[in-house]
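The block underneath contains the structure these notes are about, expressed in structure tokens.
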Amino acid sequence: MAVGALFRDCREVVALLSADGRVLRISDAVADLLGHPSDRLTGASFDGHIHPEDVEEARRRFQRRAAAPAGSSGRAVFRFRHADGGWRWLEVTTRNELADPAIGGLVLTFRDISDHIALSERLRASEARYRTLAEAVPVGILQADADGQVLFANARLAGITGLEPDRLLGGGWLDAVHPDDRARVAADWRLDAAGDPPPTDFRFHDPDGAGADRRVLCQRMPLEDGGTIATITDVSEYVYTANALRLSEARNKAILDTAADAILTIDEAGVMHSFNRAAEAMFGVSAGDLLWRPLDRLIPLADLREEGGVRLEFAPGQTTALIARDRGAEAERADGTRFPVELSVSASEVEGRRLYTAILRDVTERRRAEAELLAAKAAAEAADRAKSIFIAAMSHELRTPLNAVIGFSQLLEAQAGRTVGDAQRTYQMRDCVGAIRQAGEQLLAIIDDIIDMARVDAGGLSLTEGPVDLPAVAERAVANLHFHATRRSVTVEVMADGELPPMRGDERRLVQALGNLLSNAIKFSHPGDVVTLTAALAADGWVALSVRDRGVGMRTEDIAKAMAPFAQIDQSATRHHEGVGLGLPLALRLVQAHGGMLTLDSAPGQGCTATIRLPPSRIMTIEEMLVTMS
């Protein structure tokens, strides 16, 4: 075939190259394809129009084709430069016709596939974007063909199922479906996906058995080719939260319904949101008549909100705050009966929505009991005052005959000493008169203690304060009890610190308090025992007066009883030791009136130590002493 006939009869664009790649002849169609005139291309090296990245490959292919047997051909795709500066994708078929004397070259046939390449590139880009989106979405994605075989599964689905992505392809994803749901899911998957298939919920089961079941929601969408795209959303957390919410609501309802106090909730507009059973019983109205309606009765809205109407502002991150505790209010039952209540109110706010929850307690019975208790207390106090007033008023009536008994007994005792006659009768008379005097003095002391205790309880005891010499107080208290100690064969020792400072107080009352302690110590000592009275300045600045005996003692738990008026620790002991149980209580009151303290330290069989402690504020300053001396 001649070259002219080749170019004339070929329906495709052609070019003829020499063995070294020069253009021997080129058709006008090729020239038009590249945008250059044919005479400009003829004689030039053809690889000068090939893309730099493709030129080496093109040369190797041309060289291999030139060395190949005559008549052989090959096909390749290269990018060629167009006259406008762009690049065209051309499919080149090369046939070796070097041995044909009529042709003598490599015959190239061209086909422009630029549009096809561009379409393929767009398709690849689209598929890349699809895969990127499929991997980025937070739900699992399955793509299946018309037979239901999975062609693609994203990584999120692999995470939900616990299977590797490759194991999800085909029908492998069904292996991860819970055995109890697998048959149903497989049947649904085989159904015709035409139209709009309804969502399906089922569970994925961890194939290794190490994880928890995951509940998912599957939504399928049909494709034009008969395939399916399915989205699988993990709703385990939602289901767990919904179940937890239902459980919480049930628990809260159970708490509200079993609470003994009325509990109600309103919003800022006063609309009732909750009303428990105790509230129904308290107000005599059912919750159905009040819920989601404005609270226009039962209790004033102002009592269920912030006091003064000033809106409470929450701190950052705070959603609940107590705005009232044990607030007194008056409520009204459905029948119009008004009654007192105490309520506590809290405010809560979520996303700008504020609610007020109030707990109400009917205090009608408590108020009645309090009123009765106050009335009883007032009556008791009145009776106590009457008793104290009576005892104080009777003091002169009691003292007058006792003073007469004591006075006449002293006179008779003196006369008995001067009577001349039978000595034995004289001694007997003196003993009898002495016994009368001692009994009268003892009775007078008891009456004095009772009267003093009554004065203390009635608040009528007042101190006559002045300088007090504590060593002198101690000696005076011991002297007053000399006869009592001698009769009991008990010795009283006094150890007073000579450096004791002068004190400010009521000397007579301090002698009385100390005398009561000494009297008890002598009373409960054994014959021949020694009672020790010490007076010293303590390390903490207080002044301490201690009376220690070695008598019968008492148990630690009985000390509080000993401090109570008229109390007797051991009834058997009272048969051997006189007294009405006022010595220690009265001493305690007198010491407390001076701002001091009285303590007991005792053990059975070990005796007892009673200590009066007077505060440093009772120590007189130099200025006070100078004023006293002036």
Side-chain angles (χ1 to χ4, degrees), residues 1-136 151-152 165-166:
M1 177 183 296
V3 175
L6 176 64
F7 277 78
R8 184 176 57 253
D9 297 337
C10 184
R11 297 182 179 180
E12 298 182 356
V13 293
V14 297
L16 182 63
L17 301 185
S18 63
D20 57 3
R22 287 181 301 105
V23 178
L24 300 177
R25 188 170 179 178
I26 192 167
S27 67
D28 292 337
V30 175
D32 293 340
L33 188 61
L34 298 178
H36 295 285
S38 58
D39 56 354
R40 183 175 177 182
L41 296 174
T42 303
S45 177
F46 195 66
D47 58 12
H49 296 276
I50 300 177
H51 194 283
E53 294 178 1
D54 299 341
V55 67
E56 291 298 328
E57 178 65 20
R59 288 173 180 172
R60 284 196 296 271
R61 286 182 175 271
F62 287 155
Q63 290 171 2
R64 284 202 303 269
R65 188 55 50 207
S72 63
S73 64
R75 182 179 299 174
V77 176
F78 304 110
R79 286 168 288 180
F80 287 83
R81 184 185 299 277
H82 193 270
D84 59 7
W87 298 93
R88 297 290 181 88
W89 289 92
L90 302 181
E91 182 183 71
V92 182
T93 302
T94 306
R95 189 171 71 253
N96 187 346
E97 297 293 349
L98 291 172
D100 188 343
I103 297 177
L106 298 174
V107 178
L108 276 62
T109 303
F110 299 89
R111 187 165 65 93
D112 188 353
I113 61 171
S114 298
D115 292 341
H116 176 73
I117 293 295
L119 183 61
S120 298
E121 290 295 331
R122 286 198 299 272
L123 179 59
R124 282 194 295 271
S126 177
E127 290 178 349
R129 285 194 299 271
Y130 165 74
R131 289 182 176 273
T132 300
L133 291 173
E135 296 296 346
L151 305 175
F152 168 77
D166 291 346

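These values consider heavy atoms only, across backbone and side chains, with no hydrogens, waters or symmetry-generated copies.
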For Trp89 and Asp112, which heavy atoms make the closest approach, and how far apart are they?
O-OD1, 3.1 Å
Looking at every heavy atom in both Ser18 and Leu106, which two are closest together, and how far apart are they?
O-CD1, 4.2 Å
Hey, could you give me each pair passing salt bridge (Lys or Arg N to Asp or Glu O under 4.0 Å) that has a residue in residues 68-84? Not counting sequence neighbours.
Glu53-Arg79, Asp54-Arg79
Value rounded to 0.5 Å, distance of CZ in Arg122 from CD1 in Ile117
11.5 Å
CZ of Arg25 to CG of Leu17, rounded to nearest 0.5 Å, is 13.5 Å
Show the nearest heavy-atom pair for residues Ile26 and Ala15, with the distance to one decimal.
CG1-CB, 3.9 Å
Residues which pass side chain to side chain contact (heavy atoms under 4.5 Å, CB included) with Ala67, listed by chain and number, not counting sequence neighbours
none
Mind checking what makes side chain to side chain donor-acceptor pair (under 3.5 Å) contact with Asp47, not counting sequence neighbours?
Ser45, Arg59
Residues in ring-ring contact (aromatic ring centres under 6.0 Å, His included) with His116, at least two apart?
none
Which residues satisfy the side chain to side chain contact (heavy atoms under 4.5 Å, CB included) test with Asp166, sequence neighbours excluded?
none
Side-chain donor-acceptor distances from residues 33-44 under 3.5 Å, at least two apart:
| residue | atom | partner | partner atom | Å |
| --- | --- | --- | --- | --- |
| Thr42 | OG1 | Ser38 | O | 2.8 |

From CG (Asn96) to OG (Ser72), nearest 0.5 Å:
5.0 Å
Can you tell me how the ring of Phe110 sits relative to the ring of Phe80, calling it parallel under 30°, perpendicular over 60° and tilted otherwise?
perpendicular
Counting N and O atoms only, with roles assigned by atom type, does the side chain of Ser27 sit under 3.5 Å from a partner on the main chain of Val14, one being a donor and the other an acceptor?
yes
I need the minimum non-hydrogen distance between Ile50 and Ala58, along with the two atoms involved.
CD1-CB, 3.5 Å
Of Glu91, Arg61, His49, His51, the residue whose pairing with Phe78 passes side-chain contact (heavy atoms from CB on, under 4.5 Å):
Arg61
